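Residues take their numbers from the sequence shown, with the count starting at 1. Atoms within each ligand, like the ligands themselves, are counted from 1 in listed order. Since we're looking at a predicted model, the values are computed, not measured.
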Amino acid sequence: MEKRAKDFGSEELFAPKFDRRSWRGNVGVVVGLLTLLLLLLTPSPLSDVKISFFRTSRAQNTEAGIKSKDAFSWSQITPSKELEYTPCFEDFLCARLDVPLNWNASDRDGGPRAAIAIVKVPARVPVTDPRYSGSVLMNPGGPGESGVHQVLSAGKHVQVILDSPISPEEPSEGKYFDIIGFDPRGVNNTTPRLRCFPDAFNQQYWLLKFPDYSFLWDYESVLGMEWARAEAMGASCQREGDENDMARYANTAQTANDMLEFVERHGEWREMMASVIMAKDAVPTAEQKAIVERTAWKKGQEKIQYWGISYGTLLGQTFTAMHPDRILRLVIDGVVDPDDHYSGTWLTQLQDSDSIVTKFCEYCFEAGPEKCPLWTGKSGRDVEARLEKIMDDLKLNPIAVATVGHYGPEVVTWGDMLLHLLTGMFFPYSSSEFFFTMLAELEVGNGTRVGSMKQSFLRAAEIPAECIRDGPFSDACVTSHYISGMGSFQDISCMDIAGRNNITKRDFHEYTMVLRNQSKWLYTSWARNKLACLGYTIAPAWTFEGPIAGNTSHPLLIIGNTHDTVTPLRNARRVSTLFPGSAVLHQDSQGHCSYSNPSLCTGKTVREYFQTGKLPEAGKICSTEWLPFIGCVNKDANGDCVELSLNDQILWDAMVGVTEVWP
Ligand SMILES: *[C@@H]1O[C@H](CO)[C@@H](O)[C@H](O)[C@H]1NC(C)=O
Ligand SMILES: *[C@@H]1O[C@H](CO)[C@@H](O)[C@H](O)[C@H]1NC(C)=O
Ligand SMILES: *[C@@H]1O[C@H](CO)[C@@H](O)[C@H](O)[C@H]1NC(C)=O
Ligand SMILES: *[C@@H]1O[C@H](CO)[C@@H](O)[C@H](O)[C@H]1NC(C)=O
Ligand SMILES: *[C@@H]1O[C@H](CO)[C@@H](O)[C@H](O)[C@H]1NC(C)=O
Ligand SMILES: *[C@@H]1O[C@H](CO)[C@@H](O)[C@H](O)[C@H]1NC(C)=O
């Protein structure tokens with residue numbers, strides 16, 4: 001999502017302490033299913049301090065990518081059954097892969113079509129080079145997050161992580177990959193579009209009318225309101241009667257088949273590219289033969305390389321269960337339990353969440369009064385008590401903020417701070433410390449900064465004249481203010497569970513109470529996911545009947561954090577039993593998926609898996625180089641951070657790059 005820091009009014013509040021480049025990309029009001037669907041734009045004032053020892057270069061590629069975005073439009077590309085890449089976004093390649101709208105249709109090839117939006121960071125060697133090792137597909141989760149966005153903003157960093165550290169100019173056995181992002185069905189640039197709102201203004205109206213009472217489950221009227229909102233939303237997304245609408249065709253099984261189609265078409269593309277290159281370069285005959293053999297399309301046998309996070313792990317598992325013989329490399333990171341997901345039970349996610357806050361408070365206490373804005377008492381427990389007290393006070397006494405500059409009157413509420421807390425819990429590296437700083441300000445009644453931040457991302461969503469001319473839901477109505485993910489996460493999940501989540505208000509209340517026992521911080525927002533399927537009456541066109549399990553052509557690498565916000569380590573362990581030969585890599589950190597707190601050890605393990613296929617030894621635990629408040633973990637006798645070797649530094653910079661732009 002584009003950076004949307006307000007151009008006026010913010011300087012006096014945020015400068016010079018805030019580096020504008022550190023503003024994160026997404027505005028948040030809704031907590032999504034597996035990731036925060038729309039994140040708070042959280043400036044992290046401390047991030048320059050904490051990473052200065054690692055000489056981080058912030059996503060320059062991203063900045064460039066964003067600047068050039070206006071120049072390219074997906075409608076310039078005609079969808080094609082073969083992969084045809086067109087230059088886009090300055091130095092990326094884009095394609096629109098033409099696939100059946102419904103993989104389960106009897107007239108698959110004659111029926112309606114969909115076009116999957118694909119973006120690629122091309123490999124650093126040509127396909128004729130023996131070190132060219134194919135395409136790696138990514139999925140950022142959600143469900144409903146844009147893989148195009150993910151790879152535009154982080155794909156080059158991902159390539160550094162997976163590629164051989166040896167420069168392609170030097171001879172080596174190293175491997176080099178294309179990095180591929182795609183928008184799954186129902187998401188962003190893939191068509192037909194899933195749309196729940198006629199235009200961006202309607203969407204904004206809906207969001208602004210959604211203040212944080214959505215967090216206050218104690219009041220029955222609020223539950224009634226949330227219930228009705230979910231019904232209205234679901235009924236709007238399904239667009240009944242519109243045969244070509246995406247809603248019935250956007251579930252995980254269909255997208256898994258799109259991935260298989262990509263994998264096959266990639267083989268075709270590779271063979272074609274090799275012959276094009278050989279036709280124009282003078283390649284000796286003996287070498288030609290080897291190239292032809294190596295690059296030949298192995299029709300019906302091409303294999304996938306994939307890295308999926310969060311919901312992307314469910315997509316990866318579903319693909320694997322459907323096509324266990326098509327696995328070359330498959331990493332799932334931040335694991336969803338497939339049976340819990342497909343049954344619509346949704347009870348295996350918050351087991352480790354609250355420990356994250358406890359750990360933050362321990363690190364904060366350990367770091368001492370200089371570095372810990374809420375340092376107090378004798379232990380992490382005392383810090384946590386202080387944090388809880390500030391939060392509790394906000395419930396009864398929201399903080400009034402008078403107008404400042406271009407910002408109007410505002411109120412800072414418990415719900416606002418809960419959203420900031422959740423952002424910190426999901427993304428410790430980028431957001432945990434700043435949350436404590438904000439709380440310290442609120443503790444003394446100063447809501448100026450937090451209140452202004454709340455408004456600083458607002459932009460009036462305009463309706464272009466073309467949208468009025470072409471009518472509601474038309475392409476012209478999808479402006480940069482139209483948030484494409486709104487609706488897709490509900491739709492994909494609801495089509496996955498195919499009506500298995502038929503609840504009453506009473507059931508829902510009980511469900512909420514069970515979740516409350518798992519996590520006092522997350523249960524209020526998480527419970528809402530269960531409501532999302534209200535209002536849907538349509539059935540998915542196709543579902544995969546399971547089981548999610550399989551004997552794979554290459555073992556999976558499965559990653560889990562000690563305390564993950566919504567995908568506990570225990571899920572990784574259980575899923576490993578479903579796919580014999582797979583290995584679990586345990587990263588000793590807090591946050592959602594491994595990238596939320598980078599670890600060189602994890603980066604090297606993932607790289608080795610892609611380079612050689614080798615799995616980590618059983619029981620391997622990776623620690624991280626950085627902890628909240630404490631900063632770098634490895635210090636010398638003077639207390640300075642130990643310098644990294646050049647190769648480690650390059651890997652670290654890439655991992656931080658991913659952390660800061662994802663999701
Ligand atoms: C959708 O894709 C465009 C690129 O075509 C990207 O700029 C934008 O951020 C994506 N939207 C979301 C919500 O990720
Ligand atoms: C409130 O906090 C801001 C920093 O966020 C600071 O600039 C301002 O001086 C504080 N106001 C008061 C009255 O202390
Ligand atoms: C949902 O449950 C109610 C009551 O248990 C039942 O009457 C209704 O038919 C169910 N609906 C579906 C779609 O299964
Ligand atoms: C929540 O936990 C308490 C204490 O362990 C237990 O008594 C209660 O039955 C639990 N409630 C639910 C809804 O699971
Ligand atoms: C495939 O489509 C047919 C006809 O619409 C439907 O009866 C069947 O249930 C579908 N199969 C699956 C696995 O969803
Ligand atoms: C995997 O192979 C084992 C041993 O041959 C077999 O018992 C098991 O059922 C297979 N699992 C699946 C999901 O096919």
Using heavy atoms and a threshold below 4.0 Å, how should the contact between N189 and ligand 1 be classified: side chain, backbone, both, or neither?
side chain
In terms of relative ring orientation, are [X] and [Y] parallel, tilted or perpendicular, with 30° and 60° separating the classes?
X	Y	value
H341	Y311	tilted
W74	F72	perpendicular
F197	Y482	perpendicular

Numbered atoms and elements of ligand 6 in range of G550, under 4.0 angstrom, heavy atoms:
13 (C)
Would you say atom 7 (O) of ligand 5 makes contact with the protein, given that contact here means a non-hydrogen protein atom less than 4.0 Å away?
no
Is the closest protein non-hydrogen atom to atom 2 (O) of ligand 5 under 4.0 Å?
yes
Run the numbers for me: atoms of ligand 1, each under 4.0 Å from some heavy atom of N188, listed by number.
1 (C), 2 (O), 3 (C), 8 (C), 10 (C), 11 (N), 12 (C), 14 (O)
Atoms of ligand 1 close to W74 [distance to a heavy atom under 4.0 angstrom, numbered from 1]
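So the atoms of ligand 1 that pass are 5 (O).
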Closest non-hydrogen protein atom to atom 10 (C) of ligand 6, residue and atom name please, with distance?
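Answer, as residue, atom name and distance: N551 ND2, 2.4 Å.
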Identify the closest protein heavy atom to atom 12 (C) of ligand 5: which residue and atom is it, and at what distance?
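Going by distance alone, atom 12 (C) of ligand 5 is nearest to W542 CD1, 3.3 Å.
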What do you reckon, is OH of Y85 surrounded by more than 12 foreign heavy atoms closer than 6.0 Å?
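Correct, the count exceeds 12.
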Backbone of T78 reached by a side-chain donor or acceptor of R96 within 3.5 Å:
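Flag not set: sc R96 to bb T78 has no pair under 3.5 Å.
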Using a 3.5 Å distance criterion without hydrogens, assess whether the side chain of S310 forms a donor-acceptor pair with backbone atoms of G334.
no
Is F89 in contact with ligand 1, taking contact as a heavy-atom separation below 4.0 Å?
yes
Establish, from distance only, whether the side-chain atoms of H149 and N188 form a donor-acceptor pair under 3.5 Å.
no
Kindly identify the option in N251, N102, T543, N104 whose heavy atom sits closest to atom 13 (C) of ligand 5.
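The residue whose heavy atom sits nearest atom 13 (C) of ligand 5 is T543.
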